[in-house]
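Working notes for the structure below.
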Amino acid sequence: MIEEKVILVNEKDEPIGLMPKMEAHQKALLHRAFSVFVMNKKGETMLQQRAKDKYHSPLLWTNTCCSHQREGESNIAAGKRRLMEEMGFTTDLKELFHFMYKAPFDNGLTEHEFDHVMVGYFEEEPNINPEEVADWKWMHPEDIKNDMMENPDEYTAWFKIIFERFYDHLMENTSAK
């Protein structure tokens, strides 16, 4: 299997090279990523629990899906691809905002990402890929926020950052427009 490469970027999200994913995480180099939030008509967000064999943040709760764009792939195309790979469905996506973050993990790896956050809407149950996802659930953003305050160690670093910085922005997009 060929190791997946990430797109290294500068602070303006301009590509500056490619690097194997693990090497970029070992060296804590800034690279392009995305986070997808899928919501339903009730205003709930679909969360996933990462699979137990993930190389970091196993069994933690997070947004519907996330990953890295491939060379030449748009943010939206990458989000749709990964939704299908992880959650077994696709839907239209809209990019809301982007931000940079850096989060070191206990295993010596560091996420240093220029993260593009997207939203989509879906009403059915996903068909999760057990190699990627251990479980899933719908939750209202207010309930997520409260649970995150009570159980912060049960959520991924990037998900907590997105919620802390962009909660109001997410709440404005809780229903299909």
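Model, not experiment: these values are computed from the prediction.
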Quiz item: Could you walk me through whether K145 and E142 pass the salt bridge (charged side-chain N to carboxylate O under 4.0 Å, His left out) check?
Solution: CA-CA 5 Å; K145 185 177 182 180; E142 189 64 32; 5.2 Å; no

Quiz item: When you look at F99 and V117, which way does the side-chain contact (heavy atoms from CB on, under 4.5 Å) test go after all the steps?
Solution: CA-CA 8 Å; F99 71 105; V117 179; 3.8 Å; yes

Quick one: does [X]'s side chain get under 4.5 Å of [Y]'s, heavy atoms only?
{"X": "M22", "Y": "L109", "value": "yes"}
{"X": "R50", "Y": "S57", "value": "yes"}
{"X": "R32", "Y": "V6", "value": "no"}
{"X": "V133", "Y": "M87", "value": "yes"}

Can [Y] be reached from [X] by stepping across I, L, V, M, F, W or Y side chains whose heavy atoms are under 4.5 Å apart?
{"X": "L47", "Y": "L96", "result": "yes"}
{"X": "W136", "Y": "I162", "result": "no"}
{"X": "M148", "Y": "F37", "result": "yes"}
{"X": "V38", "Y": "F163", "result": "no"}
{"X": "L59", "Y": "M139", "result": "no"}

Grab the two heavy atoms, one from [X] and one from [Y], that are nearest each other, plus how far apart they are.
{"X": "P141", "Y": "G43", "value": "CD-O, 3.1 Å"}
{"X": "G79", "Y": "V36", "value": "CA-CG2, 4.0 Å"}
{"X": "M118", "Y": "E95", "value": "CG-CA, 3.9 Å"}
{"X": "K52", "Y": "P58", "value": "O-CB, 3.4 Å"}
{"X": "Q48", "Y": "T64", "value": "NE2-O, 2.9 Å"}

Measuring from [X]:[atom1] to [Y]:[atom2], what's the distance to the nearest 0.5 Å?
{"X": "M46", "Y": "T91", "atom1": "CE", "atom2": "OG1", "answer": "9.5 Å"}
{"X": "T62", "Y": "K54", "atom1": "OG1", "atom2": "NZ", "answer": "10.0 Å"}
{"X": "K21", "Y": "S67", "atom1": "NZ", "atom2": "OG", "answer": "6.0 Å"}
{"X": "E73", "Y": "K80", "atom1": "CD", "atom2": "NZ", "answer": "12.0 Å"}
{"X": "E131", "Y": "D53", "atom1": "CD", "atom2": "CG", "answer": "9.0 Å"}
{"X": "F89", "Y": "N127", "atom1": "CZ", "atom2": "CG", "answer": "10.5 Å"}

Self-check item: SB check E132 R82 (cutoff 4.0 Å)
Solution: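 Salt bridge: yes.
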
Quiz item: When the ring planes of Y155 and F159 are compared, do they come out parallel, tilted or perpendicular, using 30° and 60° as the limits?
Solution: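 Geometry flag for F159 against Y155: parallel rings.
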
Practice problem: Give the ring-plane orientation class for W158 versus Y101, where under 30° counts as parallel, over 60° as perpendicular and anything between as tilted. | Solution: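 Tilted: the ring planes of W158 and Y101 meet at 30° to 60°.
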
Quiz item: Is there a donor-acceptor contact under 3.5 Å from the side chain of E44 to the main chain of W138?
Solution: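 Between the backbone of W138 and the side chain of E44 there is no qualifying donor-acceptor contact (under 3.5 Å).
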
Quiz item: Are the side chain of N151 and the backbone of E154 linked by a donor-acceptor contact shorter than 3.5 Å?
Solution: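 A pair under 3.5 Å: no.
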
Quiz prompt | Members besides L30 in its Ile/Leu/Val/Met/Phe/Trp/Tyr cluster (side-chain heavy atoms under 4.5 Å) | solution =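 Reading the cluster by chain and number, L30 sits alongside I7, V9, L18, M100, F114.
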
Quiz item: Just wondering, more than 12 heavy atoms not from K160 lying within 6.0 Å of its NZ?
Solution: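 Count over threshold, so yes.
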
Quiz item: Checking side-chain hydrogen bond (donor to acceptor under 3.5 Å, both in side chains) against H31, which of H112, Q69, H25 comes through?
Solution: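 When side-chain hydrogen bond (donor to acceptor under 3.5 Å, both in side chains) is applied between H31 and each of H112, Q69, H25, only H25 qualifies.
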
Self-check item: Option from D147, I144, D135, T156 for which side-chain contact (heavy atoms from CB on, under 4.5 Å) with W61 holds
Solution: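 Among the candidates, only D135 passes.
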
Quiz item: Side chains of N75 and H98: is there a donor and an acceptor less than 3.5 Å apart?
Solution: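 No pair is found: no donor N or O on one side chain lies under 3.5 Å from an acceptor on the other.
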
